[in-house]
Amino acid sequence: NAGVTQTPKFQVLKTGQSMTLQCAQDMNHEYMSWYRQDPGMGLRLIHYSVGAGITDQGEVPNGYNVSRSTTEDFPLRLLSAAPSQTSVYFCASSYTDRGLTYEQYFGPGTRLTVT
Amino acid sequence: AQSVAQPEDQVNVAEGNPLTVKCTYSVSGNPYLFWYVQYPNRGLQFLLKYITGDNLVKGSYGFEAEFNKSQTSFHLKKPSALVSDSALYFCAVRGETGANNLFFGTGTRLTVIP
């Protein structure tokens, strides 16, 4: 199993540009999520999904969109990049048991810089 | 609302000495607690979890964690630190409602000194 994969590893954008961060998992996990990691702030949840066709907002959703058309893929779209979105982005997935999630498995991250 | 606190930004310990990384939590109901480790330029790796049962939980790489309900703590421990344990450690608690998302602390940087 490849686990959770993310592309690209690095990206530089100019303010106002849009892009999509890709995330895929091959563990047949129902739950998937996107976090951003900023120094001194830990990980903050952007969006999450509990299954194909179901997404919801996390703690810091503004400026980001997600969709979940398959169990495997959970792309994160930046609509109009801003310098405040400079961060490291992590995708994660988890198995669920009777609707409850457990430990999450993380991808290697995407380091995004917005100039 | 649920939250996690890691009171130490940095912990230094000599190689071979025992290490402790502290975590306290706040959540209603039964807590579900996790520890993760992050090595430089890598994603987070799951170390261990407490769901129910014994208060001492054993995990990967020789780590263990002690759950203390009365003190609402879940400290990470290892009897003998290795230089390779140097990394960033995160404690997390599962949320109370909805999809039970994880809420993370701000992290503790552990440095093991040779």
Side-chain angles (χ1 to χ4, degrees), chain A residues 2-7 9-10 21 23 25 27 29-51 54-61 66 68 74 88-111, chain B residues 1-10 21 23-25 27 29-53 57-60 63 65 74 87-109:
Chain A
V4 180
T5 57
Q6 291 182 238
T7 56
K9 290 191 188 309
F10 303 94
L21 307 185
C23 174
Q25 53 92 8
M27 296 174 282
H29 287 166
E30 291 294 327
Y31 179 93
M32 295 185 75
S33 55
W34 276 101
Y35 295 88
R36 59 177 290 172
Q37 182 180 23
D38 301 292
M41 301 187 74
L43 278 81
R44 293 182 291 169
L45 182 66
I46 304 171
H47 285 285
Y48 66 96
S49 169
V50 297
I54 307 169
T55 64
D56 207 343
Q57 297 181 351
E59 182 185 358
V60 288
V66 292
R68 183 102 179 266
F74 190 43
V88 182
Y89 292 84
F90 289 102
C91 179
S93 72
S94 171
Y95 66 93
T96 58
D97 181 12
R98 287 169 284 185
L100 297 177
T101 60
Y102 291 87
E103 62 269 24
Q104 296 192 27
Y105 295 87
F106 284 78
T110 295
R111 186 174 295 273
Chain B
Q2 59 281 306
S3 65
V4 170
Q6 292 182 244
E8 301 159 318
D9 291 335
Q10 173 82 42
V21 182
C23 171
T24 59
Y25 66 90
V27 68
N30 293 324
Y32 292 77
L33 300 159
F34 305 82
W35 274 102
Y36 286 82
V37 60
Q38 185 181 30
Y39 298 102
N41 301 313
R42 303 285 295 276
L44 277 70
Q45 295 179 31
F46 168 72
L47 275 180
L48 52 79
K49 66 185 177 188
Y50 173 83
I51 301 294
T52 186
V57 179
K58 294 192 183 298
S60 306
F63 283 93
F74 189 54
L88 189 56
Y89 290 82
F90 289 97
C91 182
V93 64
R94 194 170 72 186
E96 300 161 349
T97 60
N100 306 116
N101 299 308
L102 291 187
F103 290 82
F104 286 83
T106 52
T108 298
R109 185 164 300 282

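By convention in this document, chain letters (A, B, ...) are assigned in the order of the sequence lines, proteins followed by strands, and residues within each chain are numbered from 1. Note that this is a predicted model, so its numbers are computed, not measured.
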Okay, A/Gln37 and chain B: the region with an atom under 4.5 Å from a heavy atom over there is side chain

Of all heavy-atom pairs linking A/Arg111 and B/Asn41, the shortest is NH2-OD1, 3.6 Å

Whatever's closer than 4.5 Å to a heavy atom in chain A on B/Phe103 counts as neither

If one checks every heavy atom of A/Tyr102 against chain B at 4.5 Å, the contacting part turns out to be both

Pair B/Asn101, A/Tyr31 - check side-chain contact (heavy atoms from CB on, under 4.5 Å), show working. CA-CA 9 Å; B/Asn101 299 308; A/Tyr31 179 93; 2.3 Å; yes

Honestly, the part of B/Gln38 sitting under 4.5 Å from a heavy atom of chain A is side chain

Does A/Phe106 have B/Arg42 sitting over its ring (NZ/CZ under 6.0 Å from centre, angle to axis within 45°)? no

Under 4.5 Å to a heavy atom of chain B? For A/Leu43 that would be both

To the nearest 0.5 Å, atom CZ of B/Arg94 lies from atom CD of A/Glu103 at 10.0 Å

When the 4.5 angstrom heavy-atom criterion is applied to B/Leu88 and chain A, the contacting part is side chain

Q | Test log, rule side-chain contact (heavy atoms from CB on, under 4.5 Å), inputs B/Leu44 and A/Gln104 | A | CA-CA 9 Å; B/Leu44 277 70; A/Gln104 296 192 27; over 6 Å; no

For residues 41-50 of chain A, the salt bridge (Lys or Arg N to Asp or Glu O under 4.0 Å) pairs (sequence neighbours left out) are A/Asp38-A/Arg44

